[in-house]
There are 2 protein chains.
Amino acid sequence: MLNDEKTQVSNECADCPIRHRAVCARCESDELEQLEEIKYYRNFEAGQTIIWSGDRMDFVGSVVSGIATLTQTMEDGRTQMVGLLLPSDFVGRPGRDGSPYDVVATTDLVMCCFRKRPFEDMMSRTPHIAHRLLEMTLDELDAAREWMLVLGRKTAREKIASLLTIIARRDASLNLRPTHDALVFDLPLTREAMADYLGLTLETVSRQISALKRDGVIELEGKRHVTIPDFSRLLDEAGDDSDGGMLA
Amino acid sequence: MLNDEKTQVSNECADCPIRHRAVCARCESDELEQLEEIKYYRNFEAGQTIIWSGDRMDFVGSVVSGIATLTQTMEDGRTQMVGLLLPSDFVGRPGRDGSPYDVVATTDLVMCCFRKRPFEDMMSRTPHIAHRLLEMTLDELDAAREWMLVLGRKTAREKIASLLTIIARRDASLNLRPTHDALVFDLPLTREAMADYLGLTLETVSRQISALKRDGVIELEGKRHVTIPDFSRLLDEAGDDSDGGMLA
DNA sequence: TCGCGCGCTTGATCTGGGTCAAGGTTGACC
DNA sequence: GGTCAACCTTGACCCAGATCAAGCGCGCGA
């Protein structure tokens, strides 16, 4: 090929970890060059809205670093977060123009974007990209439905434990950290954002976190730095019946 | 083609209303013949479980008549319905083997099925089928996320009104009934099933339905037959800011 | 170094919806 | 037409979590 170095980089997907790698790994080098051509980066500051509900989206992409949330708001101001985007998560709705909810960067954030039309064209020409997108959408659907159980039937304490479980899992899989040690991570969300995700108030979130700390389920250093001494204990608290592959 | 009559039937899709028609309408006649070959029907009785959570699914398909629900259950018995399948809705997860939740027929039900492996083969060969599946999965994802707002942030009264809104809309679009009249339909769910969908108890569902009746938002004949004299009133009660295209 | 604001914690009180309990309705089957 | 079992309604009471309110602590800019 003309450009071995570039192809190499794309195959490794150093910039777009995980999600795109699964696509790229099966791409021919000319397809990779096409992807490179329509690819660009965008930076957002903490608190900035990436897409407003109803806005036209002219790109798809994935989070490289930082955290974003998908949020729905009622006229009277009640808000519900319907998705949490961590590094490597896909953003966008191939084949659709508008976004049905706000996408907000809750930390400084870098996105790797592809222009939408050319990406859709490529998708219709390359079945394994279309297939990968269906896979990812099914994953999101599963996650959304699991969250419906959390919102509809779990107590405040179980909700907090469920959220910590998700964040811990994502963090561990991203960092490929051995799972037999205590898990350590920083909460990427404020108490208010957690409340919006869990269908609670920020006061209840704060109280339940204090309770989990008092009961030794979690340890807290400052307001954000969390240690989970016993992950299976946390899973019990979350009311989950499976460990999602975290434990041996 | 060899079999004009059969092709004609498939193009009309008399048996598999709506969802498959959108696929079939763009299929070549040889593709339609292939679909016919892997197609079969299954009947279920009210209360029968179609697929148990974790079970292997060897088909995809759609509901022809009757109602099914997607349900998740915790070990202690708390259950949350995460999806409602009305006639024309798709069932199945192309590319995946197991179901993450129970699929239960809540009325007598007929399904139109396609054997899964050959369907997946066809899918990878015919881009417009793959595309249609992505569309449908995105629709389901939108519905799931909208429901997260209902579960997380709406009051019991708003939840009931939201459910009635959805059922009324679906019923009206299926029956192509003029929408300027009062809407009339039968509730396809017991009070308990509604409670499981809404994250409530059946007593609360019953009380809120009585309240909506007392306040003239709905009229009830027997326990199931509902009349909506003023749909926009119901939308207000649901806290929705859009009418989803029901009103002019 | 001070103060100021944002994010967080904690307390006191209130309330929507859950829980427990007692019937009422309807329809299928003998 | 009587019985029985779902399914539904309604009442009384309770409690988890919301609401209202006060204050803490840390980081940042002046």
Side-chain angles (χ1 to χ4, degrees), chain A residues 45-47 67 74 76-80 106-108 150-164 186-215 218-226 237 239, chain B residues 45-48 67 74 76-80 104 106-108 150-164 186-215 218-226 237 239:
Chain A
E45 286 173 20
I67 310 282
M74 294 172 67
D76 61 9
R78 281 177 280 177
T79 70
Q80 175 66 49
T106 57
T107 64
D108 288 349
V150 172
L151 290 173
R153 292 301 184 195
K154 291 195 178 179
T155 64
R157 175 185 262 244
E158 289 170 333
K159 285 178 175 183
I160 299 286
S162 297
L163 179 57
L164 291 175
D186 285 318
L187 284 175
L189 299 172
T190 64
R191 302 290 186 262
E192 186 180 21
M194 288 189 248
D196 283 343
Y197 201 23
L198 296 166
L200 298 170
T201 58
L202 70 91
E203 292 95 331
T204 298
V205 169
S206 181
R207 273 188 254 271
Q208 295 300 332
I209 287 179
S210 298
L212 288 173
K213 181 180 166 188
R214 171 174 41 72
D215 299 344
I218 64 173
E219 288 156 24
L220 260 186
E221 197 178 325
K223 290 150 194 315
R224 299 293 192 92
H225 195 73
V226 178
E237 293 286 350
Chain B
E45 287 174 19
Q48 200 175 347
I67 311 282
M74 294 172 67
D76 61 8
R78 281 177 281 176
T79 70
Q80 175 66 48
V104 183
T106 56
T107 63
D108 288 348
V150 172
L151 290 174
R153 292 301 184 195
K154 291 196 178 177
T155 64
R157 175 184 262 242
E158 288 170 332
K159 285 178 174 183
I160 299 286
S162 297
L163 180 56
L164 292 174
D186 285 319
L187 285 174
L189 299 172
T190 64
R191 301 288 186 264
E192 186 180 21
M194 288 189 247
D196 283 343
Y197 201 22
L198 297 167
L200 298 170
T201 59
L202 70 89
E203 293 95 330
T204 298
V205 169
S206 182
R207 273 188 256 271
Q208 295 300 333
I209 287 179
S210 298
L212 288 173
K213 181 181 167 188
R214 171 173 43 72
D215 299 344
I218 63 173
E219 288 155 24
L220 261 187
E221 197 178 326
K223 292 152 194 312
R224 299 293 192 92
H225 195 74
V226 178
E237 293 285 350

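Side-chain atoms are counted along with the backbone in the values below, which use heavy atoms only and exclude waters and symmetry mates. Naming convention: chains lettered A, B, ... in sequence-line order (proteins, then strands); numbering from 1 in each chain. In this text, all values refer to a predicted model and were calculated from it rather than measured experimentally.
A donor-acceptor contact shorter than 3.5 Å is absent between the side chain of A:Thr204 and the backbone of A:Leu200. The backbone N or O of A:Val205 lies less than 3.5 Å from no partner atom in the side chain of A:Gln208, so there is not a single donor-acceptor pair.
A:Leu198 and A:Lys159 make their closest contact through O-NZ, 3.0 Å (heavy atoms, listed as atom of the first residue, atom of the second, distance). A:Ala161 approaches A:Leu212 most closely through the heavy-atom pair N-CD1, 4.5 Å. A:Thr107 approaches A:Pro188 most closely through the heavy-atom pair CG2-O, 4.3 Å.
Residues B:Leu163 and B:Met194 meet the side-chain proximity criterion, which asks for heavy atoms closer than 4.5 Å. Within the 4.5 Å cutoff, the side chain of A:Leu164 has heavy atoms near those of the A:Leu187 side chain. B:Val150 places none of its side-chain heavy atoms less than 4.5 Å from the side chain of A:Gln80.
Closest-nucleotide positions on DNA chain D for B:Leu189 and A:Val205 were compared, and the one nearer the 5' end corresponds to B:Leu189.
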What does the list of N/O pairs under 3.5 Å between the protein and nucleotides 19-22 of chain C look like, with a distance for each?
{"unit_1": "C:dT19", "atom_1": "O4", "unit_2": "B:Arg207", "atom_2": "NH2", "d": "2.7"}
{"unit_1": "C:dC20", "atom_1": "N4", "unit_2": "B:Glu203", "atom_2": "OE2", "d": "3.2"}

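Within 6.0 Å of atom CD in A:Glu203, more than 12 heavy atoms from other residues, nucleotides or ligands are found, so the atom counts as buried in its surroundings.
Taking atom CG of B:Asp196 as the reference point, atom P of C:dG17 lies 17 Å away to the nearest angstrom. Regarding A:Glu192, its CD atom lies at a distance of 9 Å from the P atom of C:dC8, rounded to whole Å. A straight line from CE of A:Met194 to P of C:dG7 spans 12 Å, rounded to a whole angstrom. C:dG7 atom P lies 15 Å from atom CD1 of A:Ile209, rounded to whole Å. Note: CG (A:Leu220) to P (C:dG7) measures 18 Å, nearest angstrom. The separation between B:His225 atom NE2 and C:dT26 atom P is 15 Å, rounded to whole Å. Whole-Å rounding puts the B:Lys154 NZ to C:dG16 C1' distance at 17 Å.
If you check every strand for non-hydrogen atoms under 4.0 Å, B:Thr190 touches sugar and phosphate atoms only. Across all strands shown, A:Arg157 has no heavy atoms under 4.0 Å from either base or sugar-phosphate atoms. Among the protein residues, A:Gly199 comes within range of the sugar-phosphate backbone only, with heavy atoms under 4.0 Å from sugar or phosphate atoms but none that close to a base.
Taking the screw axis at each terminus of the helix from C:dT1-D:dA30 to C:dC30-D:dG1 from five consecutive base pairs, the angle between the two is 30° to within rounding of 10 degrees.
Read 5' to 3', the first and last nucleotides of DNA chain D with an atom closer than 4.0 Å to a heavy atom of chain B are D:dC8 to D:dA12.
Ranking C:dG17, C:dT25, C:dT9 by closeness to the B:Lys223 side chain, first place goes to C:dT25.
Each of A:His225, A:Arg224, A:Lys223 was compared with A:Asp186 under the side-chain hydrogen bond (donor to acceptor under 3.5 Å, both in side chains) criterion, and only A:His225 meets it.
A salt bridge is defined here as a Lys NZ or Arg NE, NH1 or NH2 lying under 4.0 Å from an Asp or Glu carboxylate O, and B:Arg157 with B:Glu237 meets this definition.
A close approach under 4.0 Å does not occur between any side-chain nitrogen or oxygen of B:Thr155 and OP1 or OP2 of C:dG16.
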Take B:Glu158 and B:Arg153 through the side chain to side chain contact (heavy atoms under 4.5 Å, CB included) test and state the conclusion after the steps.
CA-CA 9 Å; B:Glu158 288 170 332; B:Arg153 292 301 184 195; over 6 Å; no
